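This report refers to the structure that appears directly beneath it.
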Amino acid sequence: MEGFLELFTKAERAVNGFVWGPVMLALLVGTGVFLTFRTGWVQVRRFGYIMKNTVGSLFRKKDAQDHGSNLSPFQAVTTALAGTVGTGNIAGVTGAIFIGGPGAVFWMWVSAFFGMCTKYAEIALALKFRDTDANGVHKGGPMYYIEKGLGKGWKWLAVLFAVLGGVASFGIGNIAQSSEIAGAMTGLFGLDPLVTGIALTILVGIVVIGGVKRIGQVTSLLVPFMSVFYVAAGIVVILMRITDIPAVFAHIFSSAFGVRPFAGGVGGYAIMAAMKNGFARGVFSNEAGLGSAPIAHAASSADEPAAQAIWGVFEVFFDTIVICSITAFAVLLSGFELGEASLEAFGTKGSAAVAAFNAILPGTLGGAIIQASLVFFALSTILSWSYYGERCWGYLSGDNKIVTSIYKIIFVLFCVVGATGSGQLMWDVSDTLNGAMAIPNLIALLLLSSAVASITKEYFKDKK
């Protein structure tokens with residue numbers, strides 16, 4: 001048995017090295033570049049319109065509207081953001097900078113720039129090709145636009161995506177997040193991981209049983225709160241070292257192009273290290289191209305695909321350009337020596353992030369902020385991924401209620417598994433499956449790019 005597990009682990013690491021490796025990262029970013037040209041640089045030319053009609057619309061008074069069993073456009077985006085903004089925004093970004101150097105931040109921004117258009121395309125297709133049942137409930141995502149957009153002959157690809165997403169939901173969407181919550185609660189209050197796991201199971205169960213409508217209601221409150229909390233803390237950190245900001249920017253740009261050697265690397269090696277870690281962190285964080293977020297957006301009550309899709313541009317902008325950058329600035333402003341050896345000295349990426357905030361904020365306040373943020377970020381991710389997994393298994397079973405109910409029960413119980421530190425191999429496998437989800441999704445995005453271009457042209461033709 002041990003020999004089999006060792007062989008399986010080696011095989012898993014090899015596959016993981018591919019799905020999160022240079023070839024796939026280049027394909028993910030390359031798809032964003034291609035879609036950017038196909039849509040006429042929508043994230044640039046229409047950026048003002050997009051911001052005005054997404055986050056800007058939240059400050060305008062609106063008439064009450066009944067969205068029925070579906071989510072409001074805002075609830076849809078907060079559900080998607082809940083799944084997107086996770087522990088990777090803190091621990092992942094910290095690791096990318098320590099390993100890839102300050103230049104990783106620049107390439108993270110580049111991936112986000114093109115990722116805005118990728119996610120815009122995903123959401124547009126999700127609404128165009130979604131299903132609506134007899135009760136008026138919308139259901140969609142990559143598996144739907146693969147089958148309906150590309151035809152029945154491509155259903156095998158849709159099934160592949162659904163299987164990958166359904167299994168990944170237990171690991172990347174649950175175990176990894178539950179583990180972070182347990183660690184944070186131990187650090188903040190000294191709680192036993194089992195107690196945290198049981199409490200989390202009850203809390204998540206109450207929300208998940210209520211379906212996507214309740215998930216949307218909770219995330220529409222949780223996401224704005226946790227975002228303001230972390231952004232406010234980040235602004236304080238930056239203001240306390242504001243005189244060092246110009247030097248940080250100079251360090252980021254010079255390191256991105258190998259002008260200044262990092263951790264013994266010179267020339268092309270330093271550039272490749274920065275690019276690989278920056279691209280990987282950007283894609284992993286904002287999930288552009290992975291196909292998860294459009295599942296939530298498809299449940300929106302919005303009728304116009306592009307009207308909902310522009311929220312995807314905002315989503316990537318806020319997740320990576322705002323949230324991830326705050327973490328990056330805190331790490332770079334802390335003055336810590338970077339490199340893998342320095343990261344290993346902290347023990348974990350999360351511990352390094354805590355140390356960075358503590359180095360700037362008084363006492364242990366920084367650590368408390370990081371741990372509290374991890375709880376909010378991880379909890380919101382669990383709620384969103386419960387719906388992503390439900391829709392994947394619903395698609396595979398023909399929306400069999402028994403299958404989706406069993407899935408919900410198992411998913412909720414996995415909170416205990418994650419909190420008590422079990423299932424590391426399951427987390428690793430799901431991390432690989434999470435990256436592998438991008439393959440069928442990217443194929444569909446490229447083949448359906450003409451539909452995205454048509455949707456964009458039609459929507460913006462009379463928009464100023």
Side-chain angles (χ1 to χ4, degrees), residues 51 54-55 58 74 77-98 104-105 108-109 112 176-185 187-189 218-242 245 248 281-282 284-287 293 311 314-334 336 348-385:
M51 291 299 113
T54 53
V55 64
L58 302 179
F74 178 66
V77 77
T78 56
T79 301
L81 264 175
T84 301
V85 178
T87 56
N89 293 70
I90 298 176
V93 172
T94 300
I97 295 173
F98 269 88
V105 180
M108 180 180 71
W109 290 338
Q177 312 303 325
S178 300
S179 176
E180 290 290 348
I181 291 175
M185 294 303 286
L188 286 170
F189 307 110
V218 173
T219 57
S220 66
L221 298 174
L222 181 60
V223 169
F225 171 76
M226 72 182 195
S227 299
V228 170
F229 177 79
Y230 191 68
V231 170
I235 291 174
V236 172
V237 166
I238 292 172
L239 289 176
M240 291 187 72
R241 302 257 174 118
I242 192 68
I245 288 296
V248 166
R281 184 44 43 205
F284 189 87
S285 173
N286 59 53
E287 298 186 6
W311 279 101
F314 164 75
E315 191 178 307
V316 175
F317 177 84
F318 183 72
D319 172 86
T320 307
I321 305 300
V322 178
I323 299 292
C324 288
S325 293
I326 284 175
T327 303
F329 284 133
V331 172
L332 294 174
L333 288 169
S334 68
F336 290 145
T348 66
K349 299 171 185 176
S351 297
V354 167
F357 270 73
N358 275 340
I360 300 173
L361 296 175
T364 59
L365 177 61
I369 289 173
I370 289 294
Q371 289 172 330
S373 297
L374 284 173
V375 171
F376 294 135
F377 287 6
L379 175 59
S380 67
T381 298
I382 291 174
L383 296 179
S384 290
W385 269 91

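In what follows, residues are counted from 1 in the order of the sequence shown. This one's a predicted model, so the numbers in the text were calculated from it and none came from an experiment.
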State which residues pass side-chain contact (heavy atoms from CB on, under 4.5 Å) with Ala182; sequence neighbours excluded, sorted by chain then number. Pro193, Thr196, Ala419
Determine which pairs satisfy salt bridge (Lys or Arg N to Asp or Glu O under 4.0 Å) with at least one residue from residues 364-375, sequence neighbours left out, and list them in order. none
In short, side-chain hydrogen bond (donor to acceptor under 3.5 Å, both in side chains) pairs touching residues 316-328 with sequence neighbours left out are Asn89-Asp319, Trp109-Ser325, Tyr230-Thr327, Ser285-Asp319, Asn286-Thr320
Any pair counted as salt bridge (Lys or Arg N to Asp or Glu O under 4.0 Å), so long as it reaches residues 321-330, sequence neighbours left out: none
Partners of Ser351 by side-chain hydrogen bond (donor to acceptor under 3.5 Å, both in side chains), sequence neighbours excluded? Thr348
State which residues pass side-chain contact (heavy atoms from CB on, under 4.5 Å) with Ala368; sequence neighbours excluded, sorted by chain then number. Leu188
Give the table of side-chain donor-acceptor pairs shorter than 3.5 Å for residues 353-364, with sequence neighbours excluded, one pair per line with atom names and distance.
from	atom 1	to	atom 2	distance (Å)
Asn358	OD1	Gly366	N	3.2
Asn358	OD1	Gly367	N	2.8

For the atom pair CZ (Phe377) and CD (Glu180), what is the distance rounded to the nearest 0.5 Å? 12.0 Å
For the pair Phe314 and Phe318, name the ring-plane relationship: parallel under 30°, tilted 30 to 60°, perpendicular over 60°. parallel
Results of side-chain contact (heavy atoms from CB on, under 4.5 Å) for Ala82 - residues two or more places apart only: Thr219, Val223, Ser380, Ser384
Which residues satisfy the salt bridge (Lys or Arg N to Asp or Glu O under 4.0 Å) test with Glu287, sequence neighbours excluded? none
Using modelled atom types and a 3.5 Å cut-off, is there a donor and acceptor pairing between side-chain atoms of Ser334 and backbone atoms of Val331? yes
Contacts of Phe74 meeting ring pair (Phe, Tyr, Trp, His ring centres under 6.0 Å) (sequence neighbours excluded), chain-then-number -> none
For Leu221, what residues pass the side-chain contact (heavy atoms from CB on, under 4.5 Å) criterion, not counting sequence neighbours? none
